[in-house]
There are 2 protein chains.
Amino acid sequence: MNSPVLEAHLSLAERLFLTLRGEIVEGCIAAGSKISEPELARRFNASRGSLREALMRLESLGLLERRVNVGARVVELSERGLLELYEVREALEGMACRLAAKARSEEDLVALRKMLAGHEQQEELQAGKAYFQPEGDFDFHFRIVQASKNELLIDTLCNRLYYRVRMYRYQLGMASPRAQRAFREHSHIIEAIEAGDGELAELLMRRHIRASRQNIENKLR
Amino acid sequence: MNSPVLEAHLSLAERLFLTLRGEIVEGCIAAGSKISEPELARRFNASRGSLREALMRLESLGLLERRVNVGARVVELSERGLLELYEVREALEGMACRLAAKARSEEDLVALRKMLAGHEQQEELQAGKAYFQPEGDFDFHFRIVQASKNELLIDTLCNRLYYRVRMYRYQLGMASPRAQRAFREHSHIIEAIEAGDGELAELLMRRHIRASRQNIENKLR
DNA sequence: GCGCCACATATTGTCAACAATCTTCAGGGC
DNA sequence: GCCCTGAAGATTGTTGACAATATGTGGCGC
């Protein structure tokens with residue numbers, strides 16, 4: 001796995017933060033459950049101080065909620081929360097497309113094309129079963145956002161919202177049943193960016209995310 | 001001033017956070033300057049632990065940048081940063097308008113109309129000099145965002161981005177020279193929301209923010 | 001004169017103990 | 001039987017001291 005948790009130059013608090021973030025996202029620490037500072041500190045052989053720093057960072061990510069003199073709880077997952085997430089993504093990733101089309105860095109265009117070609121090779125996608133995208137650098141949405149060159153936008157989406165998206169994906173287990181269609185939509189978005197048509201790229205991305213959201217809404221009923 | 005800093009039920013760390021946030025926004029602590037933990041702790045008669053908690057919260061607001069074993073610095077203000085802020089606002093507040101038009105709560109509509117009527121009374125606005133909006137509940141953008149009813153959107157804008165906006169406003173001292181025009185734009189946006197026309201409301205808000213941004217761009221050259 | 005290395009200083013990261021607050025549960029009163 | 005009161009227990013908030021790391025300065029070699 002080569003987890004970043006092992007990197008030595010990180011502070012203890014940061015390693016705790018990364019570990020706990022993973023466990024919350026994947027559901028090892030259940031959504032809605034209470035966090036006991038002394039218990040977790042013992043588990044990681046760390047002091048409460050370092051652990052508290054990690055908890056505060058998790059709070060600012062929106063992964064847990066703290067109340068003074070009461071303590072921390074992992075956030076609850078709700079249909080409403082998921083819908084809100086998609087509404088915000090629609091706005092921000094739409095803008096990311098518009099900006100990426102305006103910036104049109106040759107480097108990013110090459111990377112986007114390459115990524116798409118890689119996805120096309122996947123046998124799962126060809127079979128129409130799933131459209132698996134390894135998290136991180138190779139994820140379509142992640143790369144588009146990076147290409148926007150807007151640091152604030154990148155930080156908001158990649159370092160804040162995407163962890164919540166991943167949390168919903170893991171725990172509500174939503175494999176995309178729109179595999180081939182989603183892939184085609186991705187292609188069209190990249191084409192619009194290549195053409196420098198920011199308006200179209202934004203429109204397509206917003207429609208793409210809205211379709212995802214409606215798909216989930218239908219599934220939840 | 002009746003500062004919230006005096007509230008007793010808040011933790012010490014939270015009061016430090018609120019105080020420091022104000023000083024950074026208003027420039028009492030200069031942009032780009034280094035933060036000395038021992039110095040600040042002495043100044044507030046607090047321990048470094050509590051102060052560090054406040055600093056971490058400021059970091060998650062994007063007002064401070066911390067590096068391990070080096071310390072914290074107040075963020076630099078840059079033209080690029082300001083532009084990025086406006087691009088993100090355009091996307092998010094546009095969406096907020098769309099959602100507010102969809103929700104159309106009678107309570108919010110009344111409040112919006114009332115606020116606008118209040119603004120119209122201002123003599124500065126009538127003289128075409130300035131369009132002053134007290135921060136917080138009576139600010140136009142703040143109220144629109146609240147009316148979106150999307151908690152994630154509200155949190156992102158009101159508890160995160162707006163402090164950076166205020167920081168730029170204070171320190172680059174940008175009083176709107178578009179006073180009467182901005183007021184008219186606000187009116188039209190509210191009309192669109194009242195009519196339940198989310199698409200139009202979004203379009204008008206995006207155009208409104210883009211005009212603000214271009215106005216600032218011109219001023220900075 | 002310029003650049004590199006070692007040391008001293010100051011700052012940050014981490015820890016364990018103390019104080020304040022909330023929660024729980026038992027007892028008594030109505 | 002139900003609700004309120006109050007003390008015990010546990011949890012969180014806060015503090016000051018110790019350890020690890022970076023910064024700045026002086027001296028040495030080239």
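The chains referred to below are lettered A, B, ... by the order of the sequence lines, with proteins before strands, and numbering in each begins at 1. Quick caveat: nothing in here was measured; it's all calculated off a predicted structure.
- The existence of a salt bridge linking B/E23 and B/R43 is confirmed by a sub-4.0 Å separation between a basic side-chain nitrogen and an acidic carboxylate oxygen.
- From B/Y162, atom OH reaches atom OG1 of B/T156 across 11.0 Å, with rounding to the nearest 0.5 Å.
- Counting only heavy atoms from C-beta on, A/R66 has its side chain closest to D/dG13 among C/dT14, D/dG13, C/dG13.
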Worksheet item: Does the pair B/M167 and B/I24 meet the rule for a side-chain contact (heavy atoms from CB on, under 4.5 Å), with working shown?
Response: CA-CA 7 Å; B/M167 187 171 171; B/I24 289 174; 3.9 Å; yes

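- For the helix from C/dG1-D/dC30 to C/dC30-D/dG1, the angle separating the two terminal helix axes comes to 20°, with each axis derived from five pairs and the value rounded to 10°.
- Atoms CZ (B/F44) and C1' (D/dT15) sit 18 Å apart, rounded to a whole Å.
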Discussion item. Under the criterion salt bridge (charged side-chain N to carboxylate O under 4.0 Å, His left out), I'd like the reasoning laid out for A/E14 against A/R57: C-alpha separation, chi angles, the key distance, then a yes or no.
Written reply: CA-CA 9 Å; A/E14 193 142 354; A/R57 301 177 86 148; 3.8 Å; yes

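- Between the side chain of A/R73 and the backbone N or O of A/E65, no donor-acceptor pair lies under 3.5 Å.
- Applying the side chain to side chain donor-acceptor pair (under 3.5 Å) rule to B/R104 yields no partners; only residues at least two apart in sequence or on another chain are considered.
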Each nucleotide N or O in nucleotides 19-25 of chain C that has a protein N or O under 3.5 Å away: list the pair and distance.
from: C/dT21; atom 1: O3'; to: A/N69; atom 2: ND2; distance (Å): 3.4

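- Within 6.0 Å of the NZ atom in B/K34, the count of heavy atoms belonging to other residues, nucleotides or ligands exceeds 12.
- Atom CG in A/L51 sits roughly 12 Å away from atom P in D/dG13 (whole-Å rounding).
- Sorted by residue number, the list of members of residues 53-64 of chain B with any non-hydrogen atom under 4.0 Å from DNA chain C is empty.
- Using cut-offs of 30° and 60° for the angle between ring planes, the B/H186 and B/F140 rings count as parallel.
- Geometrically, B/R166 does not engage B/Y163 in a cation-pi contact defined by less than 6.0 Å to the ring centre and at most 45° from the axis.
- If you check every strand for non-hydrogen atoms under 4.0 Å, A/G49 touches nothing.
- Contact check on B/R80 versus B/E87 returns no salt bridge, with no Lys/Arg side-chain nitrogen under 4.0 Å from an Asp/Glu carboxylate oxygen.
- If you check C/dG13, D/dT15, D/dG13 against the side chain of B/S11, the one that comes closest is D/dG13.
- Evaluation of atom-type donor-acceptor distances gives a pair under 3.5 Å for the side chain of A/R48 against the base of D/dG13.
- One atom, CG of A/L10, and another, P of D/dT21, lie 13 Å apart when rounded to the nearest Å.
- Within the 4.0 Å cut-off from OP1 or OP2 of D/dT15, at least one side-chain nitrogen or oxygen of B/S50 is found.
- Taking atom CZ on B/R42 and atom P on C/dA10, their separation rounds to 11 Å, with Å as the unit.
- Applying the salt bridge (charged side-chain N to carboxylate O under 4.0 Å, His left out) test to B/R210 and every residue at least two apart in sequence or in another chain returns B/E90.
- Distance B/E14 CD to D/dT12 C1': 14 Å, rounded to the nearest Å.
- Tested against B/E217 for a side-chain hydrogen bond (donor to acceptor under 3.5 Å, both in side chains), the candidates B/Q214, B/R213, B/K219 yield a single pass: B/R213.
- Between A/R66 and B/E53 there is a salt bridge, with a side-chain nitrogen of the basic residue lying less than 4.0 Å from a carboxylate oxygen of the acidic one.
- Near DNA chain D, meaning a heavy atom under 4.0 Å away, there are no residues from residues 29-41 of chain B.
- Side-chain atoms of B/S50 never come within 3.5 Å of backbone atoms of B/A46 as a donor-acceptor pair (strictly under, hydrogens ignored).
- The nearest whole Å value for the distance from the CZ atom in A/R15 to the P atom in C/dG13 is 13 Å.
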